[in-house]
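Step one of this worksheet: look at the structure below.
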2 protein chains.
Amino acid sequence: MKEHYKEDAWSIIEEGFHAEMQKSSESIFSLGNGRMGQRANFEEDYSGESLLGNYVGGVYYPDKTRVGWWKNGYPEYFAKVLNAANWIGIRVTANGELLDLATAKVSEFRRELNMKEGYLHRTFTAELPNGIKLKVDARRFLSMQVFEAGLIRYSVTPLNYSGEIEFGCYIDGDIKNEDSNYDEKFWAEVTRETGNDTSALIIRTKKLDFHVCTAQKIVLTKNGENQTFTSIATEKEKYVENLISVSATEGDEIVVYKYAANVSSLNHDKSELMNQAMQVVSRCSVDGFDEMLEDQKNAWAERWKMNDIVIEGDVAAQQAIRFNIFQLNQTYTGDDARLNIGPKGFTGEKYGGSTYWDTEAYCLPFYMLTAGQDVAKNLLLYRYRQLNKAIENGEKLGFKAGAALYPMVTMNGEECHNEWEITFEEIHRNGAIAYAIYNYIKHTGDSGYLMEGGLEVLLAISRFWSQRFNWSDHKKQYVMLGVTGPNEYENNVNNNWYTNYIARWTMQYTMECMEYCREDSGFWNEFIQKTSFVNDQELTQWRKIVDNVYEPRLEGSNIYLQQDGYLDKEDRLAEDLDPQERPINQHWSWDRILRSVFIKQADVLQGMYFFEDDFSEEVIRDNFNYYEPRTVHESSLSPCVHSVIASKLGMEEKAYEMYLRTARLDLDDYNHEADEGLHITSMAGTWIAVIEGFGGKRVHDGILSFDPVIPPQWDSYRFNLVYRNVIIRVGVSANGVSVKTESDGELEILIYGKSHRLTANNPINVER
Amino acid sequence: MKEHYKEDAWSIIEEGFHAEMQKSSESIFSLGNGRMGQRANFEEDYSGESLLGNYVGGVYYPDKTRVGWWKNGYPEYFAKVLNAANWIGIRVTANGELLDLATAKVSEFRRELNMKEGYLHRTFTAELPNGIKLKVDARRFLSMQVFEAGLIRYSVTPLNYSGEIEFGCYIDGDIKNEDSNYDEKFWAEVTRETGNDTSALIIRTKKLDFHVCTAQKIVLTKNGENQTFTSIATEKEKYVENLISVSATEGDEIVVYKYAANVSSLNHDKSELMNQAMQVVSRCSVDGFDEMLEDQKNAWAERWKMNDIVIEGDVAAQQAIRFNIFQLNQTYTGDDARLNIGPKGFTGEKYGGSTYWDTEAYCLPFYMLTAGQDVAKNLLLYRYRQLNKAIENGEKLGFKAGAALYPMVTMNGEECHNEWEITFEEIHRNGAIAYAIYNYIKHTGDSGYLMEGGLEVLLAISRFWSQRFNWSDHKKQYVMLGVTGPNEYENNVNNNWYTNYIARWTMQYTMECMEYCREDSGFWNEFIQKTSFVNDQELTQWRKIVDNVYEPRLEGSNIYLQQDGYLDKEDRLAEDLDPQERPINQHWSWDRILRSVFIKQADVLQGMYFFEDDFSEEVIRDNFNYYEPRTVHESSLSPCVHSVIASKLGMEEKAYEMYLRTARLDLDDYNHEADEGLHITSMAGTWIAVIEGFGGKRVHDGILSFDPVIPPQWDSYRFNLVYRNVIIRVGVSANGVSVKTESDGELEILIYGKSHRLTANNPINVER
């Protein structure tokens with residue numbers, strides 16, 4: 001664990017230049033506005049280690065699958081998050097010497113990700129190899145209001161030099177994905193243009209033909225005065241540049257404003273892209289950097305009003321939770337149902353695809369309870385729109401009659417993963433998609449969604465499960481063979497308890513929902529026709545299965561077994577592992593990991609988390625005490641679930657340990673991989689750990705309840721929720737709980753099991 | 001199943017030109033001499049579909065591993081069989097028009113692989129697009145005596161044309177492996193030379209720096225008269241050519257003799273390669289094609305004397321068994337312990353590597369009993385030489401203290417496979433390597449081999465097993481988790497019965513061998529020191545394991561279960577499969593195959609075959625009757641084992657069905673993949689099916705025995721064996737068995753359980 005960044009309630013701050021940390025810091029200091037994102041690459045040239053990353057939401061590339069050994073059923077393509085044109089570039093030279101932090105002597109380096117106001121700020125002094133000292137102050141942000149705009153204010157002050165300073169403001173589309181299976185470049189040029197203070201470049205993806213226009217407009221000031229200039233325009237294939245030379249005297253502050261736009265054919269006619277981009281940069285340059293930064297602050301202030309979690313008495317925890325919330329908001333804003341929440345968001349290329357089961361299992365609660373019902377519904381509709389492809393995917397694997405297997409990883413609904421034990425076998429993802437519908441209705445009361453697509457999705461998933469179970473003549477029960485559970489440290493196992501459980505649950509829930517929908521005979525008749533649903537035959541088979549699903553158990557105990565063979569493993573505890581061998585996924589061969597009892601992430605416990613009402617506290621405790629010591633938490637999705645359960649069980653120390661681990665996973669780089677990008681989707685898990693864990697938030701029969709605990713390290717904490725259009729603000733201290741709202745209407749809530757009526761501006765205070 | 005080639009006792013014959021079959025026929029008509037091999041590519045240019053293949057034994061390329069998702073423990077390289085310089089090329093043009101069977105009108109096309117005499121003969125008439133008709137007669141062979149030489153006699157007769165005919169005799173080293181992970185070329189040029197009638201090219205592999213010199217010497221005749229000529233020499237990078245123009249009159253027969261050599265740095269100093277190659281081609285041209293073809297016939301006659309199996313009354317079976325024996329002899333001659341038997345021999349690139357467990361499980365018996373003890377011992381020594389690398393491989397996967405895991409696929413002892421469920425888990429291969437030592441000693445009586453390396457290998461393998469088993473607190477027995485058995489249609493299973501069985505057997509056998517070797521205290525002390533063997537400690541642990549290995553069984557029956565979860569599968573029989581869906585590996589997604597009961601190849605039955613004496617006939621029959629109907633035989637290694645067991649059980653129809661399937665696998669292309677190369681190693685299985693299956697050959701306590709049966713389709717069959725230096729000739733007809741020898745010495749043998757003394761020239765005749 002590294003503690004590299006300064007603790008601060010509202011900012012991530014790095015002091016001193018650390019080249020060895022640059023790739024990690026590029027991830028940490030990433031910016032995004034839900035439509036595009038940018039790693040914290042430097043504007044000026046940098047010859048040190050770096051992962052360039054500029055991502056335009058919804059623009060991806062179907063890279064030809066690369067495997068060692070082809071297996072039937074693999075998809076032809078893997079949809080890659082696409083590194084798009086580099087729009088931040090400002091190459092700086094003074095007296096012919098390049099500013100490059102890898103070759104300069106760097107002092108007073110500081111950067112700050114201002115999460116409160118949504119911008120990145122970097123200052124340093126660099127002594128170039130020729131002795132010239134430059135003081136630099138660089139700020140940038142991706143506008144939360146003009147979502148296609150990125151703005152840079154780049155200030156240079158020569159400290160010991162008078163003469164020419166050159167600024168090469170460029171857009172470079174000749175870039176590569178680090179993650180390219182066959183080392184190809186994914187972009188080709190469409191057209192380019194340069195003017196005196198503007199340039200633009202349109203490039204297109206070689207497959208799927210996405211077009212993206214990236215444009216810039218340059219404004220120059222010296223000591224605060226606007227400067228006119230004559231630039232030298234350079235054009236090469238996939239590259240445009242405005243080179244501006246400025247005469248500076250020692251102490252002059254030269255500021256280059258770079259107003260940039262990334263506009264894509266996702267949102268505009270291809271023929272309109274150039275126009276559109278130019279309009280964006282013009283508008284930005286008219287409003288100006290400072291005014292737009294004010295807008296940015298206001299936009300973020302609005303968000304924080306709904307999103308913020310305040311933790312008093314623990315700056316590390318405070319900083320961490322805000323970092324998580326900030327990144328989630330940078331990744332997805334929920335107003336475009338074509339987008340989703342990639343596991344690395346806009347902070348790296350790794351994993352490709354944009355949609356995993358993380359969305360339903362972890363992210364949905366966050367967006368549903370901070371951004372509201374419409375955003376949550378957009379996440380459900382995303383899957384509904386892809387239902388036909390999920391059915392096709394099922395067919396490809398031999399399933400019939402409208403059985404859907406949603407892909408493990410996708411961009412457009414097609415599977416793009418290619419690891420048989422995951423792609424074909426980690427099918428519990430289907431269950432999470434069903435669970436999300438249930439969870440959405442539970443929170444919003446919007447049962448009507450069933451008739452807007454929900455029931456179709458449930459039917460198709462249940463059909464899959466009904467075919468995927470098989471009767472075991474030996475066990476005289478239905479079994480599910482050859483699956484990989486949430487614990488990916490076991491592959492191709494039989495009867496993963498979690499998968500069996502959520503499969504059975506889906507079928508039961510689907511039948512319940514059918515009962516509800518059947519009452520609307522107009523809908524029902526149309527539904528039957530559309531889905532060719534054969535009521536009696538299918539339901540009879542489902543009921544037979546539901547009543548006879550095998551659940552592996554440890555006899556004479558409350559323990560549900562992760563899978564059939566779990567007890568045959570050599571029993572060890574994570575605490576007995578040699579610390580030198582952790583994380584085991586970086587030290588052990590894969591077969592050794594698979595044979596071990598060690599669990600990557602909550603598996604049986606994921607089921608206890610989703611379906612906690614089905615189990616007594618004793619059962620949950622016994623399972624937690626059995627599995628937690630065997631869990632190595634080498635997935636970012638693990639600690640949050642453990643934290644929630646630990647809170648419920650009153651194990652506050654464990655809950656806090658797990659919370660810190662999830663909250664500061666990237667900031668402290670627990671798994672030595674922050675350089676590849678941040679763990680965006682697990683950040684939602686961190687939020688869950690506070691709200692459902694410490695806050696003890698639950699919903700039963702439409703009633704919201706809280707059973708808060710507080711980690712001893714904290715003085716107090718506060719969080720906000722929007723529940724059925726009521727904005728609820730909860731404060732917890734050692735002494736008690738306060739719940740209030742400014743919203744109209746009346747809401748029944750439970751606090752520590754006791755009912756209260758919540759009305760506007762009448763705080764409820766409950767002592768512990 | 002295709003029946004494309006003519007049935008003939010001694011030849012494979014194709015009549016008519018079938019472009020759609022060309023790639024398959026290139027495999028079928030392959031030539032080899034144990035040191036190099038050549039697919040049946042055409043000498044003249046061919047623009048149709050073709051897989052060029054020229055392979056030089058022992059020369060390989062470590063291609064960088066390509067996987068979709070890296071797993072810890074994967075090797076960095078995959079050793080590839082290397083497509084080397086094309087030495088057969090003779091580009092023919094008449095009046096400027098190229099002879100190319102893809103563009104010409106072809107008639108009277110016939111090719112014959114003369115297995116008796118070891119050469120390839122092709123004749124056809126081609127009408128070129130310009131109307132010129134050429135009659136061509138092409139013969140070639142790879143010398144079994146001058147093992148670096150290949151000889152071509154290429155005859156052209158213009159039927160309706162008088163004028164110039166050009167022969168571009170070339171060597172092309174600028175070739176690619178079809179199987180290249182990153183589409184690289186593997187060869188670079190060292191040097192090249194051209195003269196008037198000779199050319200030579202030395203190329204080297206870009207990794208490992210193997211050098212291969214390919215040389216040619218051209219001799220020309222017209223109507224049988226030697227012709228002097230002046231050639232135009234062309235040189236390009238990795239390419240040399242002698243272009244010869246001949247004036248011909250309609251009806252003239254022009255013959256180009258191409259004497260070629262492939263000499264490699266495996267056998268010569270790099271500086272000597274050019275000399276060496278020139279000597280080879282000179283010698284060949286001096287002896288001449290006809291004389292060397294006579295030598296070739298004699299060399300093959302010698303081999304057939306020991307190898308041949310004669311089947312009367314069933315030409316298809318006769319042809320097939322000779323094809324198998326011929327290809328085995330073309331692949332490996334056993335006099336170079338650095339070489340081994342690749343699964344495709346010299347007939348294709350697929351699979352890479354050269355050594356699989358096929359060598360020990362299938363090929364050893366063939367070579368041991370036809371080529372003799374020294375050849376068999378070379379195969380054992382090959383593994384002994386690679387022991388250190390097998391121990392390193394074990395260490396890489398977390399095993400300790402001299403535990404060896406032999407690689408799944410190798411060239412030089414290093415693992416080069418990269419599929420976790422195979423590479424790390426198909427560990428039964430280790431058992432086959434131990435079994436081969438046992439089998440060798442059983443047949444030869446050469447227990448001394450234990451002290452020449454055998455015991456070291458056994459110890460290292462037993463150490464591996466002792467660490468790979470783990471104690472199950474649940475089962476109160478030792479279990480082996482996460483393996484893939486011989487049936488690769490199940491992956492990562494627990495307690496594969498075969499693996500558990502052979503593992504326990506290895507440990508037991510090793511302990512027995514130790515008892516034997518311990519008596520030689522000089523050897524024993526040295527052995528203990530060299531291997532750091534801790535007698536008491538290790539053996540105590542081994543004994544604990546050996547006495548407590550878990551064997552999965554079907555309760556209340558004699559059935560051993562393939563693995564723990566086998567009974568939970570949906571039970572179906574192969575005969576119930578839709579024929580449209582077979583082979584299932586080309587129609588079903590991988591997970592579906594894994595979940596099914598269908599078995600790719602003998603698994604439990606492989607164990608019954610290896611260890612038949614441990615089981616009653618009833619047990620074997622019950623297991624055969626259980627598993628055979630669930631076996632789809634989609635591995636070439638499957639039918640032979642089934643055939644042997646069926647013969648033993650008196651199920652002659654089944655035995656014959658399985659025999660034909662293994663024997664004509666490639667000729668009839670059962671699995672639609674002959675185009676990729678032949679199934680060389682399984683050809684040894686075919687031989688086993690005759691000798692051990694129909695012939696009922698066994699060895700017990702040093703005594704050779706026969707219990708022959710005869711398929712009703714056959715009139716009689718005869719085979720030969722060399723056993724403890726006695727050459728034994730066995731004839732079987734419906735009436736009885738005759739066994740004879742010309743060798744000196746006396747041998748006790750059993751026929752149908754009765755003892756006989758076999759002496760020179762005193763045939764034993766036994767009625768059935």
### Task
Pick one of side chain, backbone, both or neither for A/Q586, based on which atoms fall under 4.5 Å of a heavy atom in chain B.
backbone
### Query
Top residue by heavy-atom pair count (under 4.5 Å) with chain A, among B/W588, B/Y550, B/Y74?
B/W588
### Task
Under 4.5 Å heavy-atom distance to chain A, tell me which part of B/I584 shows up: side chain, backbone, both or neither.
backbone
### Query
Which region of B/N492, side chain (C-beta onward) or backbone (N, CA, C, O), has a non-hydrogen atom less than 4.5 Å from a non-hydrogen atom of chain A, or is it both or neither?
both
### Summary
Turns out that what part of B/E570 lies under 4.5 Å from chain A's heavy atoms comes down to both
### Task
Looking only at non-hydrogen atoms, find the nearest pair between B/E551 and B/Y501 and report the distance.
OE2-CD1, 3.6 Å
### Task
Using non-hydrogen atoms and a 4.5 Å limit, figure out which bit of A/R66 sits close to chain B: side chain, backbone, both or neither.
both
### Task
Could you look at B/D564 and say if it's the side chain, the backbone, both or neither that has a heavy atom under 4.5 Å from chain A?
side chain
### Task
Could you check which of B/N494, B/L567, B/D473 has the highest count of heavy-atom pairs closer than 4.5 Å to chain A?
B/L567
### Query
Most heavy-atom pairs under 4.5 angstrom with chain A, which of B/S472, B/G482, B/G565, B/G73?
B/S472
### Task
Is it possible for you to check whether B/R553 lies under 6.0 Å from the centre of the six-membered ring of B/Y560, through NZ or CZ, and within 45° of that ring's axis?
yes
### Task
Show your reasoning for whether side-chain contact (heavy atoms from CB on, under 4.5 Å) applies to B/Y566 and B/E490.
CA-CA 9 Å; B/Y566 193 74; B/E490 296 189 313; 3.4 Å; yes
### Message
Assess the residue pair B/K71 and B/E419 against the criterion (salt bridge (charged side-chain N to carboxylate O under 4.0 Å, His left out)); give the C-alpha distance rounded to whole Å, side-chain angles, the decisive distance to 0.1 Å, and a yes or no.
### Response
CA-CA 9 Å; B/K71 309 278 193 194; B/E419 216 176 359; over 6 Å; no
### Query
Given the side-chain rings of A/W420 and A/F424, with only the six-membered ring counted for Trp, is the space between their centroids under 6.0 Å?
no
### Query
Which one, A/N418, A/D568, A/L481, A/N470, leads in non-hydrogen pairs under 4.5 Å with chain B?
A/D568
### Query
So which part of B/K396 gets closer than 4.5 Å to some heavy atom of chain A, the side chain, the backbone, both or neither?
backbone
### Query
So, for A/E415 and A/H417, which heavy atoms are closest and what is the spacing to 0.1 Å?
OE2-N, 2.9 Å
### Task
Identify which part of B/Y478 has an atom lying under 4.5 Å from any heavy atom of chain A, answering side chain, backbone, both or neither.
neither
## Note on the structure
Heavy-atom nearest pair, A/R572 first then A/F598, reads CB-CZ, 3.7 Å
### Message
Taking the ring centre of each residue, are B/H428 and B/W465 less than 6.0 Å apart?
### Response
no
### Query
Tell me, side chain or backbone of B/L594 under 4.5 Å from chain A's heavy atoms, or both, or neither?
side chain
### Query
Does a side chain donor of either B/W497 or B/Q562 reach within less than 3.5 Å of an acceptor in the other side chain?
no
